[in-house]
S.K.: 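One structure, pasted below without further comment.
Nothing here was measured: the structure is a model prediction, and the numbers come from that model. For the numbers below, each heavy atom of this structure counts, side chains included, while hydrogens, waters and symmetry mates do not. The chain is numbered in sequence order, starting from 1.
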Amino acid sequence: VAGRRGAILPAVNQVETHIGWHQPSLRAAMRDLGITVVAYTPLGNPAVYDSSGRAEGMSSKLVTDMADEAGLTPAQVMLNFLLAQDVVVIPKSTTPSRIRSNLDFDARLSPAQLARLAEGTPQRRLANPRNR
């Protein structure tokens with residue numbers, strides 16, 4: 001696209017991105033093109049979380065332990081993870097206290113904590129799984 005004469009690149013690309021599907025190669029390609037990534041489902045998709053360990057989201061032991069370490073909620077950990085990677089997050093909630101909590105926090109996870117999250121979270125697409 002970037003090589004085509006007269007091609008107009010989008011300013012943003014909204015894609016499924018969350019702690020369980022963080023897509024580093026896609027984010028790198030977007031960064032190289034100057035396109036901002038906006039996270040679709042930044043908190044994952046709680047409707048498909050299960051107890052098999054395949055998609056734990058906010059209930060993941062790694063996320064909850066990290067939340068305790070950092071003095072954050074599990075949702076804040078998941079949002080902090082994406083914000084640290086320059087991903088725009090717009091979490092959905094209808095609960096006023098959760099909306100405030102998702103907006104009003106200091107992104108303070110250390111590089112080591114971010115690396116643990118990146119390496120320790122099983123990757124699974126949740127928004128449009130093939131066999132849903």
Side-chain angles (χ1 to χ4, degrees):
V1 173
R4 288 188 12 212
R5 183 185 302 187
I8 298 173
L9 295 176
V12 300
N13 188 8
Q14 186 177 37
V15 296
E16 179 179 357
T17 309
H18 46 77
I19 199 165
W21 189 249
H22 48 88
Q23 305 200 65
S25 59
L26 175 72
R27 287 185 292 101
M30 294 296 101
R31 182 178 52 249
D32 290 346
L33 292 169
I35 299 171
T36 300
V37 173
V38 177
Y40 176 75
T41 66
L43 298 175
N45 187 343
V48 298
Y49 290 157
D50 58 31
S51 60
S52 70
R54 292 178 300 154
E56 295 177 317
M58 285 185 262
S59 65
S60 153
K61 179 163 175 36
L62 179 59
V63 170
T64 57
D65 287 351
M66 192 79 55
D68 290 341
E69 284 176 29
L72 299 170
T73 66
Q76 290 170 338
V77 166
M78 295 174 77
L79 296 173
N80 190 159
F81 176 78
L82 294 173
L83 291 169
Q85 298 173 57
D86 296 324
V87 173
V88 174
V89 297
I90 306 171
K92 177 186 179 255
S93 181
T94 57
T95 307
S97 62
R98 286 188 186 143
I99 293 169
R100 277 189 298 280
S101 175
N102 290 340
L103 292 172
D104 188 23
F105 71 97
D106 293 323
R108 58 178 167 254
L109 295 179
S110 71
Q113 289 171 314
L114 293 168
R116 279 180 28 218
L117 288 168
E119 295 162 7
T121 307
Q123 296 297 291
R124 177 178 177 215
R125 187 169 183 191
L126 299 175
N128 290 310
R130 291 177 70 209
N131 299 315
R132 189 155 125 184

S.K.: Which pair of non-hydrogen atoms, one from Ala75 and one from Leu43, has the smallest distance, and what is that distance?
M.R.: O-CD2, 3.7 Å

S.K.: Working to the nearest 0.5 angstrom, can you tell me the gap between Thr121 OG1 and Ile19 CD1?
M.R.: 4.0 Å

S.K.: Please check if Leu26 and Leu114 belong to a single hydrophobic cluster, counting links between Ile, Leu, Val, Met, Phe, Trp and Tyr side chain heavy atoms closer than 4.5 Å.
M.R.: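 Looking at the clustering, Leu114 is in the same group as Leu26.
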
S.K.: Could you give the distance from CZ (Arg98) to CD (Gln76), rounded to the nearest 0.5 Å?
M.R.: 12.5 Å

S.K.: May I ask whether Trp21 and Leu117 are part of the same hydrophobic cluster, defined by side-chain heavy atoms of I, L, V, M, F, W, Y residues being less than 4.5 angstrom apart, directly or through others?
M.R.: no

S.K.: Would you give the length of the straight line joining atom CZ of Arg31 to atom OG1 of Thr36, rounded to the nearest 0.5 angstrom?
M.R.: 11.5 Å

S.K.: Salt bridge between Lys61 and Asp65, side-chain N to carboxylate O under 4.0 Å?
M.R.: yes

S.K.: Just checking Asp32: does its CG atom have more than 12 heavy atoms from other residues, nucleotides or ligands closer to it than 6.0 angstrom?
M.R.: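 Count over threshold, so yes.
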
S.K.: How long is the span from the CD atom in Glu69 to the CD atom in Gln113, to the nearest 0.5 Å?
M.R.: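 It comes to 5.0 Å.
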
S.K.: Please set out all donor-acceptor pairs under 3.5 angstrom arising from side-chain atoms of residues 77-96, sequence neighbours excluded.
M.R.:
{"residue": "Asn80", "atom": "OD1", "partner": "Arg108", "partner atom": "N", "Å": "2.8"}
{"residue": "Asn80", "atom": "OD1", "partner": "Leu109", "partner atom": "N", "Å": "3.1"}
{"residue": "Gln85", "atom": "OE1", "partner": "Arg27", "partner atom": "NE", "Å": "3.4"}
{"residue": "Gln85", "atom": "OE1", "partner": "Arg27", "partner atom": "NH1", "Å": "2.9"}
{"residue": "Gln85", "atom": "OE1", "partner": "Arg27", "partner atom": "NH2", "Å": "2.4"}
{"residue": "Gln85", "atom": "NE2", "partner": "Phe81", "partner atom": "O", "Å": "3.0"}
{"residue": "Ser93", "atom": "OG", "partner": "Thr95", "partner atom": "N", "Å": "3.1"}

S.K.: In this structure, would Met30 and Val15 fall into the same cluster of hydrophobic residues linked by side-chain contacts under 4.5 Å?
M.R.: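 Yes, because Met30 and Val15 connect within a single hydrophobic cluster, where side-chain heavy atoms sit under 4.5 Å apart.
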
S.K.: Given a cutoff of under 4.5 Å between side-chain heavy atoms of I, L, V, M, F, W and Y, with clusters grown through shared members, what are the other residues clustered with Leu103?
M.R.: Ile99

S.K.: Working to the nearest 0.5 angstrom, can you tell me the gap between Gln23 CD and Glu16 CD?
M.R.: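 Spacing of CD (Gln23) from CD (Glu16) equals 7.0 Å.
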
S.K.: Under 4.5 Å between side-chain heavy atoms, hopping through other hydrophobics if needed: is there a path connecting Val38 to Tyr40?
M.R.: no

